[in-house]
Amino acid sequence: MNKIAQSVRLWFAPQRVRDEGTTPDYRFSLANERTFLAWIRTALALIGGGFAVDQFLPELAWGVRAGLALGLLAAGVLCALRAVNHWVRCERAMRRGEDLPVSRFPTLLGMVVAVVAVAMVVVVLFGWEGR
């Protein structure tokens, strides 16, 4: 648990990352930041999609609508949190001269989005009413 707490503390004090290792080529740090921003855009899109499902599909059965909306919202929250964590982990690895960290999160996120998309395909094919 100590390792997790230390990592979360770095989220709020990124200047402490500079205390580790040596400064990498700025192009790598900027690429890491662009990746972070891409994850944040993805998180915002997922959150927007969750609100859109909830607000613009009132004819959809409540349980289905809530499930789809909450799935998208949860994926957006996880994506935003993961963006910060991944940025810190990559920045630390680059400064230490280590391999970049691997993650299963892209697979998890892809699976959640795929499940929600399949559910939406079923809704579109079989109608909006919860029959």
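Worth saying up front: this structure is predicted, and the values here are computed from it rather than measured.
- M94 and L30 sit in two unconnected hydrophobic clusters of ILVMFWY residues. Membership requires side-chain heavy atoms under 4.5 Å apart, directly or through other members.
- Remark: R18 CZ is loosely packed, at most 12 non-hydrogen atoms of other residues, nucleotides or ligands lying under 6.0 Å away.
- In terms of hydrophobic clustering, with Ile, Leu, Val, Met, Phe, Trp and Tyr side chains grouped at heavy-atom distances under 4.5 Å, V115 and V118 are assigned to different clusters.
- A75 and V112 get closest at one heavy-atom pair: CB-CG1, 3.9 Å.
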Derivation and outcome, side chain to side chain contact (heavy atoms under 4.5 Å, CB included), residues L60 and L68: CA-CA 10 Å; L60 196 58; L68 292 172; 4.1 Å; yes
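- The shortest heavy-atom contact between F36 and A83 is CD1-O, 3.4 Å.
- The closest donor-acceptor contact from the side chain of N32 to the backbone of W87 lies under 3.5 Å.
- Nearest approach of L109 to C79, heavy atoms of both residues: CD2-SG, 4.0 Å.
- Hydrophobic clustering of Ile, Leu, Val, Met, Phe, Trp and Tyr side chains at less than 4.5 Å, counting indirect connections, keeps I47 apart from L72.
- Nearest approach of D99 to A93, heavy atoms of both residues: O-CB, 3.6 Å.
- From L108, atom CG reaches atom CG of L78 across 7.0 Å, with rounding to the nearest 0.5 Å.
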CA sep, side-chain torsions, deciding dist, call: L46, V113, side chain to side chain contact (heavy atoms under 4.5 Å, CB included): CA-CA 9 Å; L46 290 164; V113 171; 3.8 Å; yes
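- Closest heavy-atom contact between H86 and P101: CE1-O, 4.3 Å.
- In terms of modelled atom types and a separation under 3.5 Å, the side chain of R95 and the main chain of E20 share a donor-acceptor contact.
- The shortest distance between side-chain heavy atoms of F51 and L73 falls below 4.5 Å.
- In terms of heavy-atom proximity, C90 sits nearest to L100 at O-CD2, 4.0 Å.
- Hydrophobic clustering (ILVMFWY, side-chain heavy atoms < 4.5 Å, transitive): V77 and V84 are in one cluster.
- R82 and S103 share a donor-acceptor pair across their side chains, judged by distance under 3.5 Å alone.
- You'll find the side chain of R9 reaches within 4.5 Å of the side chain of R16, heavy atoms only.
- N85 is not listed as a side-chain neighbour of F105, based on a closest heavy-atom distance of 4.5 Å or more.
- In this structure, the side chain to side chain donor-acceptor pair (under 3.5 Å) partners of R27, at least two apart in sequence or on a different chain, are D25.
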